[in-house]
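Following: one structure in structure tokens, then a few remarks.
Each ligand, and each atom within it, is numbered from 1 in the order the structure gives. Residue numbers run from 1 in the order of the sequence given.
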Amino acid sequence: MIISLTGFMGVGKSTLARLLAGSLCCRVIDLDRLVEKEQGKSVAEIFQTYGENYFRKLEEEALKRIISENSERLLIISLGGGTLISENNQKIIKEYTNCIYLRASVNLLTERLASHRGKRPALDSIDDNSLELEVSNLLQKRLRGYENTAKLIIDVDEKSVRSILNEIIAGLDSFSEV
Ligand code: S3P
């Protein structure tokens, strides 16, 4: 069974994926980190040098490969915040994984992203005053992709990492053996 975690940048996908894999004693793959390792460049460098479309191609290829190589195992995948922009990726994730959408308010996301400026190339050109509006616009565009693909939606505002993890674990019962 493959479990994928989706949600906007800064929601905590990578952290929760790692903790979930620890609880379930299985492997975890962070899609951004895998692309970085394969390219020998950070996501920011790939965006800067080759542009976002090129990154999206690498992201989609890596995703397909992970899924085809791991269909028999229990695996957690942490997706990038923009992975589900692609309808093709939505289809793949929906068909071959049990997807969890970590849902956060614009307020929480803006707060977290404001304290991590420089690490998210998709938001780097946005000045601090416009960050909230940009997060809101981007989230609006991506919401349907997250919601339509996920089998489980978990609201994360005002919850500790531990209680989010417990909610995820409690929700695993409803998952199918994909
Ligand atoms: C992106 C999110 C990032 C990374 C890239 C683009 C996006 O992943 O894939 O910087 O467009 O939302 P995280 O959500 O893990 O930060």
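- A pairwise comparison of heavy atoms in Lys13 and Leu79 identifies CE-O, 2.9 Å as the closest pair.
- Listed here is the closest heavy atom pair of Ala62 and Leu31: CB-CD1, 3.9 Å.
- Under the 3.5 Å distance criterion, the side-chain polar atoms of Tyr146 are matched with a main-chain donor or acceptor of Gly81.
- Ile93 and Ile168 fall within a single hydrophobic cluster, where Ile, Leu, Val, Met, Phe, Trp and Tyr side chains are chained together by heavy-atom contacts under 4.5 Å.
- When the options Ile66, Val28, Leu24 are evaluated for a side chain to side chain contact (heavy atoms under 4.5 Å, CB included) with Leu75, the one that passes is Ile66.
- Near ligand 1, heavy-atom contacts under 4.0 Å come from Met9, Lys13, Asp32, Val43, Phe47, Phe55, Arg56, Gly80, Gly81, Gly82, Arg120, Pro121, Ala122, Arg142.
- Note on Leu152 and Leu165: same hydrophobic cluster, where clusters join Ile, Leu, Val, Met, Phe, Trp and Tyr whose side-chain heavy atoms are under 4.5 Å apart, directly or indirectly.
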